[in-house]
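Just so we're clear, the structure is a prediction, and the values are computed from it rather than from any experiment. Note that ligands are numbered from 1 as they come in the structure, with each ligand's atoms numbered from 1 the same way. Values below: every heavy atom of this structure, side chains too, minus hydrogens, waters and symmetry copies.
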Amino acid sequence: MTLASFIALWLAVAIALELFSRRALRLYRLVRSGKPVARFDDVPARARAEATDVLGQRKLLQRLVPGLVHAAIFWGFIVLFPTILIAMIGAVNPHGTLPRLGAQGWYALLVDVFALAVLIGVGAAFVIRKLVRPARFQGSHLGEADLILGLIAGIVLTLFLWHSSQIALGLNDYPAAWAPISNALSRVVAPVAPVTERVAVWAHVLIILSFLVYLPYSKHLHILVAAINVYFGRTRARGRLEPINFEAPETEVRFGSGRASDMTWKQMLDTMSCTECGRCQDVCPAYYTGKALSPKLLIMAMRDNLFSGSTAPIVPNAVTDDIVWDCVTCGACVRECPVNIEHIDHIVDLRRHLVMVESRFPEEAGTMLRDVDRTSNPWGRPQSDRMQWADGLGVRVLQPGEEPPDVLFWVGCAPAFDERARKAAVSTAKLMQQAGVDFAVLGPRESCTGDPARRMGDEYTFQRLANENVATLNGAKVKKIVTTCPHCFNTIGNEYPDFGGRYQVVHHSEFLAELVRDGRLQPAASERTITYHDSCYLARHNDVRAQPRELVAAVGKAVEMPRNRERTFCCGAGGARMWMEEKRGRPINQERVREAAATGAETLAVACPFCTVMLDDGVRETGAKLQVFDLATLLHEAVAGRQTAEEL
Ligand code: SF4
Ligand code: SF4
């Protein structure tokens with residue numbers, strides 16, 4: 001050990017730590033300045049997410065090649081981590097190493113193998129970026145990513161050079177045979193080993209320290225904070241939005257995000273965690289159809305705005321109005337994001353501010369909000385019309401004070417007021433009657449659940465409707481609810497518990513599949529080919545994917561679209577987009593209909609009244625040779641043994 005090298009090392013480490021911690025402290029203070037959000041509960045679920053999504057690289061490995069590339073680099077760095085300390089000891093004292101670990105043959109083998117894996121990973125990442133050039137990288141900071149990859153390659157190459165020089169000089173504490181790659185290289189470097197041993201170890205240490213300093217100042221901050229962001233991710237239902245507490249003191253009520261300082265600390269952390277990988281952008285129906293919204297660019301814009309210290313309104317200074325209103329809240333981005341960024345919460349918070357503070361929203365959506373306010377449904381129809389769909393069916397309307405039925409059939413506004421969506425409610429009611437289910441409906445006492453108002457950002461209206469509906473349901477002592485609408489299903493099941501409404505909520509596809517399984521409904525399967533469109537609020541937000549397929553198999557021959565189950569593609573109606581004009585890009589519903597038609601199926605089955613309307617429109621607009629039916633209608637046809645579902 002020389003005093004000079006000891007001083008040089010500690011000087012380099014001290015400078016690096018000072019620069020690193022100065023920036024890290026600033027970022028920490030910034031996150032601490034964010035508005036509160038409860039994310040310290042549910043430790044076991046958070047630990048599980050850390051194990052699967054960070055250590056296991058679960059989401060990244062959904063795309064095999066880029067996933068393996070990332071996993072090789074990530075796992076490699078975990079294994080190589082102790083070599084940082086070993087190299088620092090070696091820089092000061094060529095004969096020194098970390099006690100125990102530094103002398104282990106098995107660790108030398110692991111280091112050799114994983115260093116090679118990192119090198120291959122870096123090479124593959126360069127090939128993907130420079131030659132394959134996936135569209136998802138459009139708009140990402142590719143220059144910085146290249147520099148990071150270069151630094152990683154430098155770390156591994158200097159490690160190999162140092163180890164092989166050590167072996168050539170006999171300075172290795174572990175048996176050389178355990179490190180086959182370094183051992184083989186040692187013969188090549190042997191003539192210059194006295195020089196390369198010193199140069200490599202110092203270069204190795206200095207690149208690592210430069211890397212440490214560069215990260216918090218770069219756009220690739222995610223390397224430091226992504227694991228923390230995953231830990232603080234959502235553990236509650238994916239389809240649930242965080243309610244605003246209007247009862248809080250006036251100064252503490254947060255009306256969404258107007259300025260960067262309105263964001264929660266988790267949202268700030270989200271922006272710092274973005275890897276700019278573009279996986280969210282790749283699956284976003286808005287981006288895919290040429291709209292202004294890219295979830296990746298939105299998060300990057302929110303980060304740049306946060307870091308700029310701007311006190312100007314986020315919309316339109318950092319994010320345009322179009323971007324905010326393009327989102328269908330389908331959740332594809334959230335599901336895909338490897339670092340669990342919660343895009344929908346960001347977008348809904350921007351909407352909340354625009355709607356509740358600035359009263360700014362697309363004109364057509366304003367009509368919907370006024371109708372909901374005036375008539376308690378987005379169709380603007382009187383509540384007294386709510387039972388028209390059931391004319392002649394003999395459906396029991398639950399009156400105040402009556403004994404509750406086994407099942408409360410929550411009809412929903414679309415089936416009650418829209419001709420095309422009505423068939424699903426009629427079929428479900430008839431099937432329940434045939435199966436002898438004791439059920440009733442609320443009739444005019446049922447109001448909109450508030451889902452469209454909430455997704456549009458009007459939390460006031462949502463909470464008014466939620467409180468009214470919960471009071472009605474609790475007053476009626478309802479225990480089990482069946483609904484044909486995935487939006488009602490999500491809102492009542494996942495969001496009403498925040499307002500004191502706790503029920504067993506079942507989607508009609510689950511309920512009907514159970515009746516078929518129990519033999520209470522006996523459909524006759526036909527030769528009809530059916531492709532099933534998964535609703536985002538059913539398949540992705542709520543994991544109901546198997547039961548609809550059971551029904552399809554019970555009535556016909558299934559053929560899947562490429563984008564299916566949790567990776568379904570939206571119909572275009574979610575997030576209150578049902579009530580907004582699609583002014584930009586290609587229509588989302590037509591895109592989905594073309595995908596369905598390409599399967600060659602005769603029937604496009606759905607399990608959502610919004611999907612029914614949107615995809616039926618899409619079929620008319622594209623001229624596709626498809627018929628759109630709700631699963632309940634198809635099942636009723638199969639049970640009744642009729643020729644076509646159109647007669648029902
Ligand atoms: S929720 Fe859907 S539409 Fe909205 S940003 Fe994410 S992927 Fe795009
Ligand atoms: S938000 Fe997530 S999926 Fe999208 S680019 Fe950033 S890290 Fe990737």
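Here is the list of ligand 1 atoms found below 4.0 Å of a heavy atom in G331: 1 (S), 2 (Fe). The atoms of ligand 2 that sit less than 4.0 Å from any heavy atom of K296 are 5 (S). Those atoms of ligand 2 with a heavy atom of G278 less than 4.0 angstrom away are 5 (S), 8 (Fe). Listed by number with element, the atoms of ligand 2 under 4.0 angstrom from any heavy atom of P338 are 3 (S). Applying the 4.0 Å criterion to heavy atoms of V339 picks out, from ligand 2, the atoms 7 (S).
Between R236 and D498, at least one side-chain N (NZ, or NE/NH1/NH2) sits under 4.0 Å from a carboxylate O, which counts as a salt bridge. Salt bridge R370/E363: absent, no basic N to carboxylate O contact under 4.0 Å. Classification of R352 and D349 as a salt-bridged pair holds, one side-chain N sitting under 4.0 Å from a carboxylate O. A salt bridge between R238 and D543 is present, with a side-chain N of the basic residue lying under 4.0 Å from a carboxylate O of the acidic one. Salt-bridge formation is detected for the pair K583/E364: a Lys NZ or Arg NE/NH1/NH2 atom is positioned less than 4.0 Å from an Asp or Glu carboxylate oxygen.
Under 3.5 Å, the side chains of R133 and Q138 contain no donor-acceptor pair of N or O atoms. Side-chain polar atoms of N494 and N542 form a donor-acceptor pair below 3.5 angstrom.
Protein heavy atom closest to atom 4 (Fe) of ligand 2, with residue, atom name and distance, is C280 SG, 2.3 Å. Protein heavy atom nearest atom 1 (S) of ligand 2, with residue, atom name and distance: H343 NE2, 3.1 Å. The protein heavy atom nearest to atom 5 (S) of ligand 1 is L293 CD2, 3.5 Å. Of all protein heavy atoms, the one lying nearest to atom 6 (Fe) of ligand 1 is C333 SG, 2.2 Å. When hydrogens are left out, the protein atom nearest atom 2 (Fe) of ligand 2 is C337 SG, 2.4 Å; that is the closest non-hydrogen contact.
Around atom CZ of R26, no more than 12 heavy atoms belonging to other residues, nucleotides or ligands sit under 6.0 Å away. Within 6.0 Å of the CZ atom in F81, the count of heavy atoms belonging to other residues, nucleotides or ligands does not exceed 12.
At a heavy-atom cutoff of 4.0 Å, ligand 2 is contacted by the backbone of E276 but not by its side chain. Counting heavy atoms closer than 4.0 Å to ligand 1, residue I344 contributes side-chain atoms (C-beta onward) but none from N, CA, C or O. Contacts of T275 with ligand 2, taken as heavy-atom pairs under 4.0 Å, involve both backbone and side chain.
Between atom 6 (Fe) of ligand 2 and C277 there is no N/O/S contact shorter than 2.8 Å. At a cut-off of 2.8 Å, C284 is not counted among the residues with an N, O or S atom near atom 6 (Fe) of ligand 1.
In summary, of the residues considered (Q463, E459, H487), a side-chain hydrogen bond (donor to acceptor under 3.5 Å, both in side chains) with R454 occurs for E459 alone.
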